[in-house]
2 protein chains.
Amino acid sequence: MSIDKKELIMQTAISLFSEKGFEGTSIRDLAQKAEVNIAMVNYYFGSKEKLFEAIVEEKVRYIKGRIEDLENDKNLTEIEKIDLIIEAYVNRFLSYPDFHKVMEQEMLVSQREDLHQKVIEVVTQNINNFTKIIEKGIRKKVFKKVDAPLLFASIIGTINQVLKSKQICCVYIFRESNKDFNPYSNEQFRKRLVTHIQQMVHSTLLQ
Amino acid sequence: MSIDKKELIMQTAISLFSEKGFEGTSIRDLAQKAEVNIAMVNYYFGSKEKLFEAIVEEKVRYIKGRIEDLENDKNLTEIEKIDLIIEAYVNRFLSYPDFHKVMEQEMLVSQREDLHQKVIEVVTQNINNFTKIIEKGIRKKVFKKVDAPLLFASIIGTINQVLKSKQICCVYIFRESNKDFNPYSNEQFRKRLVTHIQQMVHSTLLQ
DNA sequence: TTGAATTAAACAAACGTTTGATTTATTTTT
DNA sequence: AAAAATAAATCAAACGTTTGTTTAATTCAA
């Protein structure tokens, strides 16, 4: 029963942190929503801050390898790799929107120094891996000379922009706010987002 | 002496909120950094939350009219308008990075319902104003058929991405972390960011 | 002399955390 | 296989701090 409860606390924490922020979520809120005793968070994680670290560390590792795998795939052209990276990021971000909002907050607010460095390390690797692919395409003269790191910023930035809040996302979809629609689990929107980014990146990269 | 002190509190609050978040900043922190008495925040603003509202409301109004002015300018072509909008946003965001981090947090965390709605209202207007210009260009057949709201998300998203933290921004510039460099006040980087976004948008929009 | 500005001190409420007792589960011994 | 012993999980209650806010006295300026 213990491992399930530990995972339950983490999932509930992701939900609450993404909604109210880390400092804005009290352990009492968390315990109540997860239906566990207040003492359980400290029992399993040691402290509220270590719970936060556990959440980030567990998930950060998952994303790390994705682009590297694609980069090393010899059977794909550069533009195919880029298209797959875009789709992978959109799918990942839309599948775990709450978690990514928590990560966004961690990047925005640098209260926890060690954790912040760990996140920056991963971001750095992702930027550099993406840049390598682009620059290979430029050397092969299949890509135009572009600002590769900033193009990566545009891709991730676009996704983050719609991930900010469901309501804001609805404005991008319907051009007006909507409280009752969940855009993140909508397949039509997912495709639209992927298509937009891919077309934009194609226009920017290809002759 | 009073108006200066009120402004001093607001400026100090923007600095601290952007660094530690709203919930992560205590009135004692704020009072100490601004070198005022703890009671002054409540004396001038009524409460910590109303101070936050005052910050957002004051600045939100400023941004509002900018795009509308450009939209109504008859002497500019559509692509010229878009270029000016991009430059205006970059200049504004890089000039007040702390304030925009505070706004980012407000969008990410929806703790203060009224304020959140106000921010969403402004965002909605900006998206729709931008979209109008694009769709006019599409009707005139000077622009390709693009996803206008999502293109706006890409523009703002790119800027937000480098605005997340100075350290992360340095990774986009130097491809490695750097704690001692302030990218936001660097003219070279500002130009590079404007150029990248403009070129990307040109490629996406123009035949 | 009046009203605004400023202060130190105190307020109750909420916070993260710890305690020590109690229940539940697992292992060891008979 | 039953009983005893040990370990893990859960709990209500309390801990000491910190929080945002208020008070009532004092200083300052008009």
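In this text the structure is predicted, and so the values were computed from the model without any measurement. So that the names make sense, note that chain A is the first sequence line, chain B the second, and so on, each numbered from 1.
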Nucleotide of C:dT7, C:dG16, D:dT21 approaching B:A39 most closely (side-chain heavy atoms): C:dT7
Between D:dA14 (P) and A:N42 (CG): distance, integer Å: 19 Å
Separation of atom CD1 in A:I38 from atom C1' in C:dT19, rounded to whole Å: 13 Å
B:K50 NZ to D:dT21 C1', straight-line distance once rounded to whole Å: 12 Å
Per B:K5 side chain, nearest of listed nucleotides C:dT6, C:dC15, D:dA9: C:dT6
Salt bridge (charged side-chain N to carboxylate O under 4.0 Å, His left out) partner of B:D147, chosen from A:K191, A:R192, A:R175: A:R192
Contact under 4.0 Å: A:S26 side-chain N or O vs C:dC15 OP1/OP2: yes
Atom-pair distance (CD on B:E35; P on C:dT6), nearest Å: 13 Å
B:I9 CD1 to C:dT7 C1', straight-line distance once rounded to whole Å: 14 Å
Proximity to the side chain of B:M40 - top-ranked nucleotide from D:dG20, D:dT10, C:dT7: C:dT7
Value in whole Å for how far the C1' atom of C:dC15 lies from CZ of A:F52: 18 Å
Within-4.5 Å side-chain heavy-atom neighbours: B:T25 and B:F52: no
Residue-phosphate contact under 4.0 Å: A:S47 side-chain N/O, C:dG16 OP1/OP2: no
Separation of D:dT18 C1' from A:I27 CD1 (nearest whole Å): 14 Å
Pair A:K20, A:S26: side-chain N/O donor-acceptor within cut-off below 3.5 Å: no
Short side-chain N/O contact from B:Y44 to OP1 or OP2 of C:dT6, under 4.0 Å: yes
Distance-only side-chain donor-acceptor flag, A:E121 / A:T124, under 3.5 Å: no
5' precedence on DNA chain C between A:G24 and A:N37 (nearest-nucleotide basis): A:G24
Any side-chain donor near an acceptor of the partner, A:H100 and A:N160, under 3.5 Å: no
Nucleotide nearest A:Y43 (side chain, heavy atoms from C-beta), chosen from D:dA9, D:dT21, C:dC15: D:dA9
Closest-nucleotide ordering on DNA chain D, the 5'-leading residue of B:E49 and A:R28: A:R28
Atom pair distance, as rounded to whole Å: CG in B:D4 and C1' in C:dA5: 13 Å
